[in-house]
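To start, the structure itself, in structure tokens.
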Amino acid sequence: MTTTERRGETELSAGFEEIVAADQRVEPRDWMPDAYRATLVRQIAQHAHSEIIGMQPEGNWILRAPSLRRKAILLAKVQDEAGHGLYLYAAAETLGVDREELTEKLIESRQKYSSIFNYPTLTYADIGVIGWLVDGAAICNQVPLCRCSYGPYARAMIRICKEESFHQRQGYELLMTMMRGTDAQKAMVQEATNRWWWPSLMMFGPPDADSPNTRQSMAWGIKRHTNDELRQRFVDMTVPQAEALGVTLPDPELRWNAERDAHDYGEPDWVEFKSVISGGGPCNTQRLARRRRAHESGAWVREAAAAYAAKQEVHP
Ligand code: BYC
């Protein structure tokens with residue numbers, strides 16, 4: 001690199017730092033450090049993959065929904081997840097990676113998706129608990145991302161969060177209905193809560209001391225809070241909701257701490273978390289196999305769309 005090039009890069013870097021320090025948005029055509037771009041691609045791709053893989057556990061119940069109303073609600077929700085995946089892949093594309101490339105990385109296990117979607121959905125109460133806890137955790141984690149320093153990601157998150165709020169409400173409403181039902185229905189809600197509570201806490205990522213990316217992501221304004229801060233916010237938000245529902249959260253250490261003005265809670269099983277994000281969860285193999293199959297069986301649609309687009313270019 002020549003001295004002039006080096007000076008040029010120093011000025012560009014100062015411009016980037018200024019945008020971040022002033023809490024403005026970095027846009028696709030702005031200069032950005034390679035590591036900033038790589039971190040965004042990693043996080044946005046992982047987020048997009050989570051939305052798409054996240055359609056599977058709920059999709060499992062569409063044909064077995066207990067009423068037409070519940071089926072229509074669940075269908076709409078699962079379709080929303082597909083839409084979220086598309087907004088996010090589009091945001092990733094502004095960083096110079098295409099969806100095809102990211103999908104290949106997902107199905108070859110070279111990129112991750114959220115740990116939460118590697119657990120099975122065993123009863124219809126799981127649909128309500130996913131809405132309440134999983135979407136609740138997602139909202140807690142994602143609202144601050146609406147202020148992310150990268151413009152296209154922040155803007156995608158605004159729309160996603162609005163839809164996630166509806167998802168959370170539909171889950172809670174389903175659980176309220178079941179909790180007004182028979183003893184068997186109430187027991188089903190409690191059992192589902194017992195299974196999803198700890199995995200929901202794991203959605204926020206490893207404890208801060210074991211989170212290699214948080215410090216730099218916060219300095220760049222990608223993340224606005226640490227994993228533990230958001231996990232605490234989620235616990236504090238969820239405890240009164242559990243009380244209103246009449247379910248018990250399965251943590252004997254959970255209690256209000258007046259000194260901290262927050263709830264104390266037990267330690268999630270981080271060994272299980274590591275195993276799940278390394279492919280060892282109960283449904284990892286099944287989720288990826290299904291995604292791979294769907295991608296392969298959609299090849300003809302992509303080919304047809306590309307052929308049609310090429311024809312339009314010749315004869316618009
Ligand atoms: N699962 O340094 P850390 C949804 C990985 S979609 C799997 O703290 P970071 C929804 C992490 O990637 C839910 N992997 O990382 C959809 C890193 O590995 P690599 C998805 C996880 O990025 C449908 C390593 O562990 N939401 O809500 O600073 C229906 C070290 O972690 C997990 C998003 O993606 C995990 N839970 O912080 C309903 C939100 N946690 O990449 C709901 C956007 C950590 O170095 N993402 N890892 O190999 C984020 O906010 C952040 O990426 C995280 C992790 C807080 C998740």
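Atoms within each ligand, like the ligands themselves, are counted from 1 in listed order.
- For atom 30 (C) of ligand 1, the closest non-hydrogen atom on the protein side is P212 CD, 3.7 Å.
- Near Y113, the atoms of ligand 1 lying under 4.0 angstrom from a non-hydrogen atom of the residue are 1 (N), 7 (C).
- Counting the atoms of ligand 1 from 1 in the order shown, those under 4.0 Å from a heavy atom of G205 are 40 (N), 44 (C).
- Inspection of the T94 and Y150 side chains reveals an N or O donor paired with an N or O acceptor under 3.5 Å.
- Ranking protein heavy atoms by distance to atom 49 (C) of ligand 1, first place goes to Q43 NE2, 3.6 Å.
- The residues D23 and R224 are annotated as salt-bridged, a charged nitrogen and a carboxylate oxygen being separated by less than 4.0 angstrom.
- Sorted by first and then second residue, the side chain to side chain donor-acceptor pair (under 3.5 Å) pairs involving residues 131-143 (not counting sequence neighbours) are H47-Q142, K77-D135, W132-Q241.
- Between E296 and R291, none of the side-chain N atoms (NZ, or NE/NH1/NH2) sits under 4.0 Å from a carboxylate O, so this pair counts as no salt bridge.
- The N/O atoms of Y153, backbone and side chain alike, include none that comes under 3.5 Å of an N/O atom in ligand 1.
- No hydrogens or angles considered: a donor-acceptor pair under 3.5 Å links the side chains of N257 and D264.
- Here's the thing with N227: one of its N/O atoms is less than 3.5 angstrom from an N/O atom of ligand 1.
- The single protein non-hydrogen atom nearest to atom 14 (N) of ligand 1 is I277 CG2, 3.5 Å, given as residue, atom name and distance.
- Atoms of ligand 1 found under 4.0 Å from any heavy atom of N141, numbered from 1 in the order shown, are 39 (C), 43 (C), 50 (O), 55 (C).
- With M203, K274, E51 as candidates, the residue nearest to atom 16 (C) of ligand 1 on a non-hydrogen basis is E51.
- For ligand 1, the atoms closer than 4.0 angstrom to any heavy atom of F204 are 55 (C).
- Ligand 1 has a nitrogen or oxygen under 3.5 angstrom from a nitrogen or oxygen of S115.
- Within ligand 1, counting atoms from 1 as listed, the ones closer than 4.0 Å to a heavy atom of K112 are 14 (N), 18 (O), 19 (P), 48 (O).
- Residue D135 approaches ligand 1 through these ligand atoms, each under 4.0 Å from one of its heavy atoms: 38 (C), 42 (C).
- Of the candidates H84, E164, K223, the one placing a heavy atom closest to atom 54 (C) of ligand 1 is K223.
- Note that atom 7 (C) of ligand 1 has protein non-hydrogen atoms nearby, at separations under 4.0 angstrom.
- Set against the non-hydrogen atoms of M202, the atoms of ligand 1 under 4.0 Å away are 36 (N).
- With hydrogens and angles left out, the side-chain atoms of W270 and E267 include a donor and acceptor closer than 3.5 Å.
- Between N213 and ligand 1, an N or O atom pair is found at a separation short of 3.5 Å.
- Residue S50 places no N or O, backbone or side chain, under 3.5 Å from any N or O of ligand 1.
- Within the listing of ligand 1, atoms 4 (C), 26 (N), 27 (O) sit less than 4.0 angstrom from a heavy atom of Q142.
- Between the side chains of Y89 and T103, no donor-acceptor pair of N or O atoms lies under 3.5 Å.
- Scanning the protein for heavy atoms near atom 27 (O) of ligand 1, the closest one is A138 CB, 3.0 Å.
- Salt bridge present: R231 and D228 bring a charged side-chain N and a carboxylate O closer than 4.0 Å.
- Using a 3.5 Å distance cut-off with no hydrogens or angles, the side chains of Q232 and R260 do pair a donor with an acceptor.
- When only modelled atom types and interatomic distance are considered, N118 and Y113 share a side-chain donor-acceptor pair under 3.5 Å.
- With hydrogens left out, the protein atom closest to atom 11 (C) of ligand 1 is R42 NH1, 3.9 Å, a heavy atom.
- Considering backbone and side-chain N/O of Q46, one or more are found under 3.5 Å from N/O of ligand 1.
- For the residue pair H167 and Y172, no side-chain donor N or O sits within less than 3.5 Å of a side-chain acceptor on the partner.
- Using a cutoff of 4.0 Å between basic side-chain nitrogens and carboxylate oxygens, R155 and E27 are scored as salt-bridged.
- No hydrogens or angles considered: a donor-acceptor pair under 3.5 Å links the side chains of N194 and Q190.
- Judged by the shortest distance from any of its heavy atoms, P206 lies inside the 4.0 Å radius around the atoms of ligand 1.
- Between D30 and R25 no salt bridge is recorded (no basic side-chain N to carboxylate O distance below 4.0 Å).
- At the shortest separation from atom 3 (P) of ligand 1 among protein heavy atoms lies S211 OG, 3.4 Å.
- Residues W196 and D126 have side chains that bring a donor and an acceptor to within less than 3.5 angstrom of each other.
- In terms of protein heavy-atom proximity, atom 10 (C) of ligand 1 is closest to F117 CZ, 3.5 Å.
- Looking only at protein heavy atoms, the nearest one to atom 23 (C) of ligand 1 is E81 OE1, 3.2 Å.
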